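Below: the structure, in structure tokens.
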Amino acid sequence: MQPRALGRFRRDLGLTKKRRFIALLRKFPAVFEIVEEGAFLLKFKLTPEAENLYLEELKIRNQMED
């Protein structure tokens, strides 16, 4: 996902100040991996560890709902 796309979710994320998302993502290098694609295009994704935790949480939530 591109950081620019996060602008639509600023309120949902609880961000009220005009801060750059890239600065927020860089605060948590164990959670977010920033990938440079070209000179002016940045994308981010969850680190493998964070993605595994997320998937594990989803699995537990689904089991609880059954």
Side-chain angles (χ1 to χ4, degrees):
M1 176 180 265
Q2 294 180 10
R4 179 180 287 168
L6 280 177
R8 290 180 257 156
F9 304 105
R10 184 176 291 279
R11 284 194 185 135
D12 296 335
L13 295 170
L15 301 173
T16 56
K17 295 183 180 181
K18 285 280 189 181
R19 294 201 175 148
R20 294 181 56 188
F21 282 112
I22 197 71
L24 176 69
L25 298 176
R26 286 188 174 140
K27 281 179 121 176
F28 303 99
V31 179
F32 299 107
E33 185 176 317
I34 301 169
V35 180
E36 292 184 33
E37 291 188 1
F40 301 103
L41 182 61
L42 295 175
K43 292 187 177 185
F44 74 95
K45 61 182 182 177
L46 293 174
T47 61
E49 297 86 6
E51 187 172 4
N52 287 339
L53 285 172
Y54 171 72
L55 293 173
E56 184 178 329
E57 182 180 336
L58 279 180
K59 181 180 169 185
I60 292 170
R61 284 184 182 192
N62 289 334
Q63 288 174 350
M64 291 175 63
E65 289 177 359
D66 292 340

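What you see is a predicted model; the values in this text were computed from it and never measured. Computed over heavy atoms, backbone and side chain alike; hydrogens, waters and symmetry mates excluded.
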- Note on the structure: So ring pair (Phe, Tyr, Trp, His ring centres under 6.0 Å) across residues 36-65, not counting sequence neighbours, yields Phe32-Phe44

- Task: Using the rule that two of Ile, Leu, Val, Met, Phe, Trp, Tyr join whenever any of their side-chain heavy atoms come within less than 4.5 Å, decide whether Ile34 and Leu24 are in one cluster.
- Result: yes

- Query: What is the minimum heavy-atom distance between Ala30 and Thr47, and which atoms define it?
  - Reply: O-OG1, 2.8 Å

- Kindly write out the residues that satisfy side-chain contact (heavy atoms from CB on, under 4.5 Å) with Glu37, not counting sequence neighbours, or none if the list is empty. Val35, Leu41, Lys43

- Item | For Met64, the rest of its hydrophobic cluster, which grows through side-chain links under 4.5 angstrom | Ile60

- Item | Pairing residues for Arg61 by the side-chain hydrogen bond (donor to acceptor under 3.5 Å, both in side chains) criterion, not counting sequence neighbours | Glu57

- Is Glu33 close to Leu46 at the side-chain level, that is, under 4.5 Å between some pair of heavy atoms? no

- Message: Is it the case that atom CD in Glu36 sees more than 12 heavy atoms from other parts of the structure closer than 6.0 Å?
- Response: no

- Tell me, which pairs form a salt bridge (Lys or Arg N to Asp or Glu O under 4.0 Å) where one or both residues lie in residues 46-56, sequence neighbours left out? none

